[in-house]
Amino acid sequence: MSSLFDLADERSETASAAQELRYLQNLNPEQCQAVETTEGPVLVLSGAGTGKTRVLTTRLAYIIDKKLSKPWQCLAVTFTNKAAREMSERLEKIIGPDASSVWLGTFHKLGLRILRSYYHVVGLEKDFVILGEDDQERLLKQLMQSNGIDIKEFAPGALLSVIQRWKDRGLSPAMVTQNEDPGFMYGKSLAFYKMYQKRLKELNAVDFGDLLLLPLEIFKTRPDIAGFYQKQFKYILVDEYQDTNVAQYLLLRLLAMGSGNLCCVGDDDQSIYSWRGAEVENILRFSKDFPTAKIIRLESNYRSTTHILGAASALIANNEGRLGKTLRVAPGRDGGGDLVSVRGYWNGQEEALHVVNTIENLMREGLSLSNIAVLVRAGFQTREFEEALIKAGIPYQVIGDFKFYEREEIKDAVAYLRLVNNTNDDLAFQRIVNKPKRGIGETSVKMLQEYARSFHVSLFDAIENADLKASAQRALTDFKNHVMRWRAGALKEPLKELTKKILEESGYMNMWRTDKSIEAEGRLENLKELQNVMAEEFEDISAFIEHASLAMDSDNNINQELITVMTLHASKGLEFDVVFLPGWEEGLFPHSKALDEKGRQALEEERRLAYVGITRARKKACISFASNRRVYGQWQNALPSRFIDELPSEHIALQSARGLKGNLGYFNSFNQMDDRGTLYSTPSKEESDEEETYSWGRSTGMFLNKSISKSGKRVHHELFGDGTIVRDEGDKVEVCFDYQGRKKVLKKFLEEA
DNA sequence: GGGTTGCCCGTTTTT
DNA sequence: CGGGCAACCC
């Protein structure tokens, strides 16, 4: 056995000697340094597009190649499954099958792995379940209601986030002191945190926060176990360090205490998840935590043009709390290209329409749709673009719309499997006991719960003896028999068949088949897709359940021939040739909600978000704003974002609005309105520095006119050909013709295209 | 127990 | 404007 391994080692050594040259050759000096500085704590500050993933994978390969440690003594942690998958694939390309024995995965997977080995230390049973957010909320809601809290006054979700923040900070209930209570719900949050944890234990369940907290607890109570892992991991690598929360930081610090070889890669300027518990502080104080730490900056950008980097750098320089880093075009690369364009529009529709027109031009120039993205601040903004894209017949995809495993039908199907796998899974039970309708209502479930609580059995086991109405008793017994039968089959049948059987026999499939709503069909397709996923990758039911509870990602293929529309948050880590950044208005971006809650801190995070957005672009970034926007069915007007004023004039091209005026900002007079929505400052055509002149000087609140809703309509003109209506002006309309450009024409010369 | 109506609320969301 | 949810009624 051992000789076989030795032989394999020798072979891979010779093979890798040649390879090593190859992969180190592709790195610049800073990247090389980041790869070769293997010993001790290292912080790699890697700006956008500086080859972060390459450094991480190469470093791993280097460590293994040089035999500094065995593959299974390396730990590499990421935040997303996608990042982990990517790293794993790239690593395998360099070092081959050895890649699979590296501990490579998300923080939560690492936590789970530890917990699966030592669950008993923290009082869990072997087959503990992992709760999703909806489970957590349902649980809290029940607790609140049974403790006389009016859930109209206090949202369970709000309490959940208070608890979650504590967990993010590594605080178990016993560690929370009263002055850490944010005062939510008359300071009762802590009491509920305690109850919540107690309930989790009763249910033999953990939540995502626990996947980090409980391993910490295990290490604290059992130093021997901590010692084991400390010895195990010779080299630790962390991706996206700026996004770690305190619990993750504590875990890392503890694990690294053995070898001291901790390498964190991150970019403080791209920290955009503080509201989820991430602490930029972790990266900012790295050298305080690890005084011997080496700090390596990766500043050579392989992605964008000089103007894009110049605009982004100047913008982010307005932040105070940063380590400082300047992106520059990587040596030997041509940084030439267009200025970042900044454009103002009358309203959101016009903005979307113009973006789509621009996209059509790009298509005509031969740019592939997969190289174009529209990045928005808030989800509702995608709608306008979707509508405009549909009208133009351009295929698109909205990322993060609904994640596969977050869909109702998928969660239901998984709940069925959870219950079949483990009848003690009360939360799964509650989810599907009456779905489809079986005549088991709230009151029956309440009865079950009561019985289950007093006799310390699961809801499932309570069915037999609980004091139920005859009809409910019958329905539940029937349900129970079904589950028992599925359980019997669970061991023999392949997962796919089993699932199919369960979903059919439970009536779940029929529930959607008889549903005549538009989504029903899609839901059935998703269920089919779920079965396909299972057939390929999982043989065992619990393996699948584990995957389903940890994997929230849906394998988005951005590489298809589609325009991508998504939020700025979702765009982190991606890149596109052309990026549209609409909606840069005060109130929307920076978002007012962020601003008035947390002040400057929040403003800086919004600015980082803007920075992330601009740096997604390889060749061209198009920023825009609209003076008027429909929000919640109501028209609102807004000023251009302060971030626009922060862009250096040498890197931007102002379009369709008057130029710089004094030091009040580029667009200070763009949108001066009185309270009737009337423009009283009206830049003239002459002052506008752009080719397609808009009549900014409308004298009344045109946006209130219903007829504008005709914008986007396709029309045909005898002389000019086909085009799209841009604006309705009574007897005339402004039309953007596909080949003749923008013209005002009389309506009577138009016909529907 | 289950369907319907009316009210409230609305940023971002890696696991 | 529109989704989600709780109270309300059959």
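Numbered from 1 within each chain, the chains take letters A, B, ... in sequence-line order. This is a predicted model, so every value here is computed, not measured.
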[X] side-chain proximity, nearest of [options]:
X        : options                : result
A/Tyr632 : B/dT14, B/dT11, B/dT13 : B/dT11
A/Asp243 : B/dT11, B/dG2, B/dT14  : B/dT14
A/Lys437 : B/dT12, B/dT14, B/dG3  : B/dG3
A/Lys469 : B/dT12, B/dG1, B/dG10  : B/dG1
A/Thr443 : B/dG1, B/dT15, B/dT11  : B/dG1
A/Lys593 : B/dT11, B/dT13, B/dT15 : B/dT11

Can you tell me how the ring of A/Phe380 sits relative to the ring of A/Tyr632, calling it parallel under 30°, perpendicular over 60° and tilted otherwise?
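Geometry flag for A/Tyr632 against A/Phe380: tilted rings.
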
Report yes if the distance between the aromatic ring centroids of A/Phe385 and A/Phe580 is under 6.0 Å, otherwise no.
no

Is the A/Phe219-A/Tyr229 ring centre distance short of 6.0 angstrom?
yes

[X] vs [N]: side-chain N/O to OP1/OP2 distance below 4.0 Å:
X        : N      : answer
A/Ser549 : B/dT15 : no
A/Ser444 : B/dG1  : yes
A/Asn245 : B/dT14 : no
A/Tyr241 : B/dT14 : no
A/Arg383 : C/dG2  : yes
A/Asn81  : B/dT15 : yes
A/Lys435 : B/dG2  : no

May I ask you to check if A/Arg116 and A/Phe128 form a cation-pi contact, with NZ or CZ under 6.0 angstrom from the six-membered ring centre and within 45° of the axis?
yes

Can you check the [X] [atom1] to [N] [atom2] distance for me, whole Å?
X        : N      : atom1 : atom2 : result
A/Gln270 : B/dT12 : CD    : C1'   : 16 Å
A/Lys403 : B/dT14 : NZ    : P     : 3 Å
A/Asn282 : B/dT14 : CG    : P     : 20 Å
A/Ile151 : B/dC8  : CD1   : P     : 15 Å
A/Ile272 : B/dT14 : CD1   : C1'   : 10 Å
A/Gln349 : C/dC1  : CD    : C1'   : 14 Å

Is there ring stacking between A/His591 and B/dT11, where the centres must be under 5.5 angstrom apart and the planes under 30 degrees?
yes

Using a heavy-atom cut-off of 4.0 Å across all strands, would you classify A/Gly379 as base, sugar-phosphate, or nothing?
sugar-phosphate

With heavy atoms under 4.0 Å as the rule, sort A/Glu240 into base, sugar-phosphate or nothing.
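Nothing: the residue A/Glu240, judged by heavy atoms under 4.0 Å, touches no strand.
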
With a 6.0 Å cut-off (strictly less than), is the heavy-atom count around CD of A/Glu133, excluding the residue itself, greater than 12?
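Open.
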
